[in-house]
Amino acid sequence: MSYFSDIYKGIKTLLTGMSVTGKYFLNSRKGAITQQYPDNRATLKMFDRFRGEVIMPHDENNEHACTGCQKCEIACPNGTIEIIWDRGIDEDTGKKKKKIDQFVYHLSMCTMCALCIDVCPTDAIIWGQNFENSVYDRTKLTRVLNEPGSKVRAGIED
Amino acid sequence: MNKSLSILTNIHDWLFSIMPEGVASIVEMVLIGVAYLGFFAIAGLFLVLLERRVAAWFQLRIGPNRVGYLGLLQTMADALKLVSKELTGTIKADKFLYNLAPYFVIVSSLMALAVFPFTKEIQAFDINIGVFFLIAISSIGVIGILIGGWASNNKFALIGAMRSGVQTISYELSIGLSLLTMILITGSLQLSEIVEVQKSGWLIVQGHVPAIIAFMIYMIAGTAETNRAPFDMVEAESELGAGFHTEYSGMKFAYFFLAEFINMFIIAAIATTIFFGAWLSPFGITESIPWLGVFWFMGKALILVFLMMWFRWTFPRLRVDQLLTLEWKYLLPINLVNILIMALIVWLNLTIKF
Amino acid sequence: MQPTIANTNFKTEPYQINMGPQHPATHGVLNLLLTIDGEIIKKVEPDLGYIHRSIEKMCERDSYQQIVHLTDRMDYLSSNINNEAVCLAVENALQLEIPERVKVIRTIIGELTRISSHCLWWGVMGMDVGALTTYFYGFRDREMLNDIFEETCGARLTMNYNVPGGLMLDIHPNFVKRVKKFVAHFKTKIPEYDRLLTDNVIFQKRTKGVGILSKEDAISFGVTGPVGRASGYSCDVRKYHPYSALDKVTFKECLKTEGDTFARYQVRIMELWESLSIVEQLIDNIPEGEHRVATNAVIKLPKGEYYQKVETARGELGVYIISTGTKNPYRLKFRSPGFSNLSALNHMAVGGKIGDLVATMATLDLVIPDIDR
């Protein structure tokens, strides 16, 4: 007798399973969760805190906020950040001060762990939201984050 | 409205008028062969695309829709890619058998396509043992699988081919018996006769309860016959290798692949002919337009193909021993009892006729 | 092997094949050396090391804040819980007082990570036994969780949101709203999972009575997590050694006694319900407060040995730190749950068929980077 009840129960569960997928089939027009990526770049907006790549924002006078304290270079686990700095004479106070020559950022080695951004005392570096970073030439992945001819905003240490 | 079908008789008469009789019939047969090959290719391409789109809709995504309008040229692109691939082969493979195996499956599918009544006039080969011919042809396809697996000189392909072979010959039994159940009502094996009998109601309505059971058994056995999920343990990707067609690449793999889809269509077409009244419209609403029969036939067959795709994308796979248990312990006894019940119903004249 | 026919030289012997490192069923780069006789498995030998990245050695060179980002990449499906383990070990060693807000948020995010890992497990389980649509349904639910994580933490998989001392950033204002919407949505989805896969007669025939692990064997192999609980071994770290805010919530420990594949499956589905109830209990009353306690820029643990265990989605993860008072640990060892679970695979799979092996491995829920580190 359990032969027939086995068959009946089996068929019932199979039909329930089919009804689940059938329901999705009928709603397929609005239920599809595919984002047709290269076509929807115009409307694609990433979240604010999305970790794309590290950038250094410059304001309209081509000034950035990096004092060359090297805290990010020490915090980075695998040497992604290299700061080339020099001691120069500060114009305002006449004392010797560190200033950066180049802020080298190896995008190819970065693990996006956010430790550098977390530790920066002046918020000089922030997350950019660009994630389309593939290039044909690997040397393009070694970026210099400060623009040529830019300098530190005055009074940033305070 | 019989104009389009009278085109065929016109071509026939024209051919016979311009050439001597023997040559004309050979030319006619070649033309019919080419037409069916064309249908085979186009149906294959269309079915592959349909499978991909339907699968995508079940899975909350959009299928291929970039190549051509709605993705209609997608399979053409895939076929071109397969043609351009290198035809690899193993060193110690038996060259002749290795090359012969795909042709077995293609030829058996084509031969089976020839007997279907697409409409009253379009039927290439109306032999008086139609159903028997169909079942015999599908057995030839098994040889192709076994030869392909053995000639690849690859132990996983051989295991896959053996498992597939045993699965196919077991389920042929169920298919034959369930078709036999319906023959009890029609009394004739000839396919055009079967359609004539269905003019007074489709066979699935005429033989109510046992016909529905026979249809369900036929669909399960048909899905298993073509090695489709949920019975595709043989070529499952998460098992070892890819079954009997591991060593095939390029066009030969395309043959196996296409033949699987055409086999699916053939199973659906047999069910349409025998259970659902091949080109007859329901309640005879468009009897006056005979050439609409093709659309009714294709529509019904495509609905059954969709049903088989629904099975594939919903259910997990059965293990090989569970497959065989299902056949020998469940489907076969139910089938035999069903034949008895159908015989009783026909004898006592309890069929529903309109 | 004995000759089967008397007067021919016909010998059969079992042969050894590789279920190679690249295989759709082994969830990562795992090489299994199978010795099979026809279809029956005689021996399974896992061959590890294909993704060994010397994480423990790198931890000897990194500072304690930098170690956290390496643990993301061990068991990447429960990355938040791994981060929490290291942060708790460091905080307990330094005896820091962590604000309540941090504890509650860590627990919520940990449970959401567990749900995300089980969603992926369910999708892959269906795919391994052949129901190919379950993969997409599992991932659709996981996408909602990924969006929640991306909005708050910034990344979808390797989040690195915990730091020793608290959280890197405070939660986003939309966090509570999104989590509530997710909980309401997911409660209608788990019954759907049941209807599609759990109740399915084919699935039950594939998984009942397959890959049995008894309670004594589970204890002696050291199998923890849902695998151990399905054999009756009550080993939930969240009950016995609660951490963060887990002592303030009430939840059941999901136990089953049969120890077969279906029992492991059922335990994980029950865990989905329990995690949802934990999130529901905590989400409405997140206490106000600081999200971070200041530590020194250079953390130095006092001399000694410290151990912290947490319950990841796979089992008990242990972090063992030996410190000599300097800014790097002298030795750091992770007790990974996958390693012990994998060692029981031979015992479970012998005597079954290859299809059973695939189903068993799917329920063990192995993540190979966790085993190889």
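In what follows, chains are A, B, ... by sequence order, proteins preceding strands, each numbered from 1.
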Problem - Part of C/T158 lying under 4.5 Å from any heavy atom of chain A - result: backbone
Handout entry: Steps toward side chain to side chain contact (heavy atoms under 4.5 Å, CB included) verdict (A/V119, C/Q65)
Key = CA-CA 11 Å; A/V119 89; C/Q65 293 99 327; over 6 Å; no
Fill in the blank from the handout: Minimal heavy-atom distance between C/V201 and A/T13, with the atoms involved, is N-OG1, 3.4 Å
Practice task
Inspect the surroundings of OH in C/Y330 and state if more than 12 heavy atoms from other residues, nucleotides or ligands are less than 6.0 Å away.
Solution key: no
Practice task
Pick one of side chain, backbone, both or neither for C/Y137, based on which atoms fall under 4.5 Å of a heavy atom in chain A.
Solution key: side chain
Exercise for the section: Inspect the surroundings of OH in A/Y8 and state if more than 12 heavy atoms from other residues, nucleotides or ligands are less than 6.0 Å away. Expected result: no
Practice task
Select one option (side chain, backbone, both, neither) describing which atoms of C/D62 are under 4.5 Å from chain A's heavy atoms.
Solution key: side chain
Problem - Side chain, backbone, both or neither of C/D147 within contact of chain A (heavy atoms, under 4.5 Å) - result: both
Problem - C/N160 (side chain) donor-acceptor with A/C113 (main chain) under 3.5 angstrom - result: yes
Completion exercise
Pair count under 4.5 Å, heavy atoms only, with chain A: among C/K205, C/R292, C/E143, C/R61, highest is C/R292
Handout entry: Taking every non-hydrogen atom, the tightest pair across A/D48 and C/H172
Key = OD2-NE2, 4.4 Å
Problem - Contact origin within A/M18 toward chain C - heavy atom pairs under 4.5 Å - result: neither
Exercise for the section: Sort out for me which of C/M159, C/Q66, C/Q204 touches chain A most, counting heavy-atom pairs under 4.5 Å. Expected result: C/Q66
Exercise for the section: Could you tell me the separation between the NE2 atom of C/H69 and the CG atom of A/L115, rounded to the nearest 0.5 Å? Expected result: 7.0 Å
Handout entry: Heavy atoms from other residues, nucleotides or ligands near CD of A/Q35 exceed 12 (cutoff 6.0 Å)
Key = no
Completion exercise
Heaviest contributor of heavy-atom pairs below 4.5 Å to chain A, chosen from C/R156, C/R195, C/E151, C/M58, is C/E151
Problem - Greater than 12 external heavy atoms within 6.0 Å of C/E290's CD - result: no
Handout entry: More than 12 heavy atoms of other groups within 6.0 Å of C/K300 NZ
Key = no
Exercise for the section: Compare every heavy atom of A/R49 with every heavy atom of C/T152, then report the nearest pair and how far apart it is. Expected result: O-NH1, 2.6 Å
Problem - Options A/P77, A/S19, A/A75, A/C76, ranked by heavy-atom pairs under 4.5 Å with chain C, top entry - result: A/P77
Handout entry: chain A contact via C/T133 - side chain, backbone, both or neither, heavy atoms under 4.5 Å
Key = side chain
Handout entry: Gap separating the CG atom of C/L70 from the OG1 atom of A/T111, nearest 0.5 angstrom
Key = 8.0 Å
Practice task
Considering non-hydrogen atoms only, spot the tightest contact between C/C153 and A/R51 and give its length.
Solution key: O-NH2, 3.0 Å
Problem - A/I117 side, atom CD1; C/L169 side, atom CG - distance, nearest 0.5 Å - result: 9.5 Å
Practice task
Could you tell me the separation between the CG atom of C/N200 and the OG1 atom of A/T16, rounded to the nearest 0.5 Å?
Solution key: 8.5 Å
Problem - Closest non-hydrogen atom pair between C/E192 and A/K23, with its separation - result: OE2-NZ, 3.7 Å
Completion exercise
Okay, A/I74 and chain C: the region with an atom under 4.5 Å from a heavy atom over there is backbone
